[in-house]
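What follows is one structure encoded as structure tokens, with my remarks underneath.
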Amino acid sequence: MLDRKFVLENAEAVKANCKNRGTPEEIDQVVALETERRAKLAEAEELNRQANAISAQMGKATPEQREAFKEQGRELRARKDAAQHEHDELNRQIDALLSRVPNMTHPSAPIGNDDGSNLEIARGATPVKKLDFKAKDHLELGQIHDMIDFESGARVAGAGFYFLKRDAVLLELALQQFAISHLVKKGFIPVTTPDVANTEILHGIGFIPRGPETQIYSIENTELNLVATAEITLGGMYHNQVLEAEQLPLKLVGISHCFRTEAGAAGRASRGLYRVHQFTKIEMFAFTLPEQSDVVHEELRALECELFDLLEIPYRVVDTATGDLGGPAYRKYDLEAWMPGRGTEGEWGEVTSTSNCTDYQARRLNIRYRVKGEKGTHYTHTLNGTALALSRALISIMENHQQADGSILVPKVLIPWMGKDRIG
RNA sequence: GGAGAGGUGGCUGAGUGGUCUAAAGCACCGGAUUGCUAAUUCGGCGUAGGGUUAACUCCUUACCGCAGGUUCGAAUCCUGUCCUCUCCGCCA
């Protein structure tokens, strides 16, 4: 959510930003309603002040005065309640409008309507290999080595669920160990989180549960929802809290179980593990001072690159265009790994994503920081980044490290965790 | 799951319908003072919104877990709800 004062004072810039992002905007209406709201607030407060003044005299009033005061008090409070209700209604309308307005955008982010305008800004250290045999996709490889079982997944939980077996499990655990231990060395605090969160927290992060097109599984008769990413719980950790400036930047790495309905995604390229209802992720999250967030964002991106370089997977880095940014993101980088089994001759597929959400989530979640010796508080900035999405990491490892005979070489960094250097 | 107790400022903790404008202490910040490892003393010390200003400068409103209700007036009374603690039961 943007700051109301900021919207009022920068209406034209906010409108232009909405246009760049392809979001319909009603900024003029927000400005009008907010102006009206402030007037109503002043009115309600003034009436309340008068009523308080009357009440204060009540103690030393004579019995006759008392009755007159009571009557005046009643009337003032009634008028105040009326003004307050109008104010509250305006407030609700503004909130509804404003919660649909996306974050402002980093001046360097490419401007464009959709992912076609995304800008490739870097390539990984590992080049795309020309295979001298026909690449198998991860499903075929999974079948050869009995690693992925979608049929059983469907029997138990429906299409889009799966069992990992044998070396896939070892590989997944190795990847988790590898990513977490790497990030702990970089100063991240490892955390496990709840796999459910209250609706309020989801809203704060920018998810909209329980709508017709929601990505979120919700638990009936409760305010609980299965998380779609640990961004939700990690960001929610400090809901309504005030941090000390010297604690920042606060960097967390969480083990994230992700549950997604993928409503509306039917028909999109989604063979195998690429788009599933449940997967596990290693997720980075940071709370920073406003002046730190750009630097930390670059740091998260660099760490993602480091992990994929170490896994010897070819990838490209993409600076996400305005029209393709999610609402809370100020800037977003994606890593797209080369997936030889995807499409007819291989394709890039998104494997990580890191966003700087500036104060957009922090304002909704009310996460602030205080500077020692200074008055008042400020909103933190929040950032998130995928370290590894295990399902897609599995795809990229299996498909990139496959050999002509169908065996799969284990990347060097995983061998100690995996206990072997080759699958099959 | 059952029974009970409780949620008040950074912390401890008083406050059971009207100077609560929330006592007091601790911690913290600033000043003063005294030659004894620090003491004493004075002052300040929350968050958010609105108005005002050269200026957190002044004014004002709200906030005692949260949401409602009663009342001219609620930290205080009522209802609901969330959370914490203790005991019992169950359980990985």
Side-chain angles (χ1 to χ4, degrees), chain A residues 1-9 30-95 97-99 192-204 218-225 233 236-248 250 255 257 287 290 359-380:
Chain A
M1 182 118 55
L2 293 179
D3 178 38
R4 288 179 183 193
K5 217 183 278 179
F6 176 85
V7 174
L8 242 56
E9 288 163 7
V30 170
V31 171
L33 289 171
E34 173 64 7
T35 308
E36 198 183 334
R37 184 192 72 83
R38 286 194 187 181
K40 271 297 161 206
L41 182 64
E43 184 186 333
E45 284 185 351
E46 175 58 20
L47 289 166
N48 200 37
R49 197 187 60 75
Q50 290 176 23
N52 284 344
I54 298 274
S55 292
Q57 296 176 59
M58 193 68 73
K60 42 193 174 226
T62 64
E64 306 86 68
Q65 286 174 317
R66 204 170 275 247
E67 283 314 306
F69 282 157
K70 277 193 185 184
E71 190 43 50
Q72 285 181 48
R74 256 193 293 266
E75 200 212 314
L76 284 165
R77 300 269 175 203
R79 286 169 58 199
K80 175 231 151 190
D81 283 346
Q84 185 72 45
H85 279 127
E86 286 180 57
H87 167 272
D88 292 349
E89 179 52 31
L90 288 166
N91 200 34
R92 264 192 295 278
Q93 290 176 24
I94 295 162
D95 258 346
L97 290 175
L98 220 46
S99 67
T192 65
T193 89
D195 289 334
V196 293
N198 286 321
T199 301
E200 187 187 4
I201 303 291
L202 290 256
H203 279 140
S218 295
I219 296 172
E220 224 177 339
N221 301 322
T222 73
E223 285 301 316
L224 291 173
N225 312 272
T233 44
M237 261 179 110
Y238 294 99
H239 176 47
N240 282 340
Q241 302 297 301
V242 180
L243 302 165
E244 297 296 334
E246 61 245 43
Q247 288 178 264
L248 304 175
L250 179 60
I255 297 178
H257 298 123
F287 300 90
D359 61 5
Y360 192 90
Q361 293 175 328
R363 182 170 293 107
R364 288 200 196 190
L365 287 169
N366 189 28
I367 303 172
R368 294 169 294 158
Y369 69 91
R370 181 187 3 246
V371 181
K372 228 189 184 112
E374 283 181 22
K375 231 173 134 79
T377 59
H378 313 275
Y379 291 111
T380 65

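Quick note: numbers below take in every heavy atom, side chains included, and nothing from hydrogens, waters or symmetry partners. Numbers restart at 1 for each chain; the letters A, B, ... are given by sequence-line order, proteins then strands.
Between A/Arg74 and B/C72, a side-chain N or O to OP1/OP2 separation shorter than 4.0 Å is present. Within the structure, a side-chain polar atom (N or O) of A/Arg368 is placed less than 4.0 Å from OP1 or OP2 of B/A48. Between B/A62 and A/Asn52, a contact under 4.0 Å exists linking OP1 or OP2 to a side-chain N or O.
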All N/O pairs under 3.5 Å across the protein-nucleotides 50-52 of chain B interface:
residue	atom	partner	partner atom	Å
B/G50	OP1	A/Arg38	NH2	3.2

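Here A/His203 pairs with nothing under the ring-ring contact (aromatic ring centres under 6.0 Å, His included) rule; sequence neighbours left out.
The CG-P distance, from A/Asn48 to B/G73, rounds to 10 Å in whole Å. Here B/A62 presents its C1' atom at 11 Å from NE2 of A/His87, a figure rounded to the nearest Å. Atom CD of A/Glu244 and atom C1' of B/C11 are 14 Å apart (whole Å). Atom CG of A/Asp88 and atom P of B/A62 are 14 Å apart (whole Å). B/G10 atom P lies 19 Å from atom OH of A/Tyr369, rounded to whole Å. When the P atom of B/U71 is taken as reference, atom CD1 of A/Ile54 falls 18 Å away, rounded to whole Å. Spacing between atom CD of A/Glu223 and atom C1' of B/C83 amounts to 16 Å, rounded to whole angstrom units. Look at CG on A/Asn198: it is 16 Å from P on B/U81, rounded to the nearest Å.
Rounded to whole Å, the C1' atom of B/G73 lies 8 Å from the corresponding atom of B/G17. Taking atom C1' in both B/C45 and B/C28, one finds a spacing of 8 Å when rounded to whole Å. Comparing the C1' positions of B/A14 and B/A23 gives a spacing of 6 Å, expressed to the nearest Å. As rounded to the nearest Å, B/U84 and B/G15 have P atoms that lie 26 Å from one another. The same atom, C1', is picked in B/C56 and in B/G49; the two are 14 Å apart, to the nearest Å. Atom C1' of B/G43 sits at a distance of 22 Å from the matching atom of B/U47, rounded to the whole Å. For the P atoms, the distance from B/U52 to B/U16 is 41 Å, rounded to whole Å. When the C1' atom is compared between B/A3 and B/A27, the two are found 39 Å apart, to the nearest whole Å.
Look at A/Asp95 and A/Arg364 and you find no salt bridge, because none of the NZ, NE, NH1 or NH2 atoms lies under 4.0 Å from a carboxylate O. For A/Glu34 and A/Arg38, the salt-bridge test passes: some basic side-chain N is under 4.0 Å from an acidic carboxylate O.
For A/Gln50 and A/Asp3, each mapped to the nucleotide of RNA chain B holding its nearest heavy atom, the one lying further toward the 5' end belongs to A/Asp3. Judged by closest nucleotide on RNA chain B, A/Gly376 is the one of A/Gly376 and A/Lys70 placed further toward the 5' end.
Base pairing of B/C28 is made with B/G44, judged by Watson-Crick or G-U wobble geometry with both donor-acceptor distances under 3.5 Å. Judged by Watson-Crick or G-U wobble contacts below 3.5 Å, the nucleotide B/G4 has B/C85 as its partner. For B/C91, there is no paired nucleotide, since no Watson-Crick or G-U wobble pair has both relevant distances below 3.5 Å. With a cut-off of 3.5 Å on both pairing distances, B/G73 has no Watson-Crick or G-U wobble partner at all. Taking a pair to require two hydrogen-bonding distances under 3.5 Å in either a Watson-Crick or a G-U wobble arrangement, B/C58 pairs with B/G51.
The heavy-atom pair separating A/Glu223 from A/Asn225 by the smallest distance is O-ND2, 3.2 Å. Taking every heavy atom of both residues into account, A/Thr380 and A/Ala362 meet most closely at O-CB, 3.2 Å.
A/Arg77 and A/Asn52 form a side-chain donor-acceptor contact under 3.5 Å, judged by distance and modelled atom types alone.
Remark: A/Leu2 CG to A/Arg363 CZ distance equals 7.0 Å, nearest 0.5 Å. Here the CD-CZ distance, from A/Glu246 to A/Arg370, works out to 10.0 Å after rounding to the nearest 0.5 Å.
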After noting the C-alpha distance and the side-chain angles of A/His239 and A/Glu200, does the key distance pass the side chain to side chain donor-acceptor pair (under 3.5 Å) rule?
-> CA-CA 10 Å; A/His239 176 47; A/Glu200 187 187 4; 3.3 Å; yes
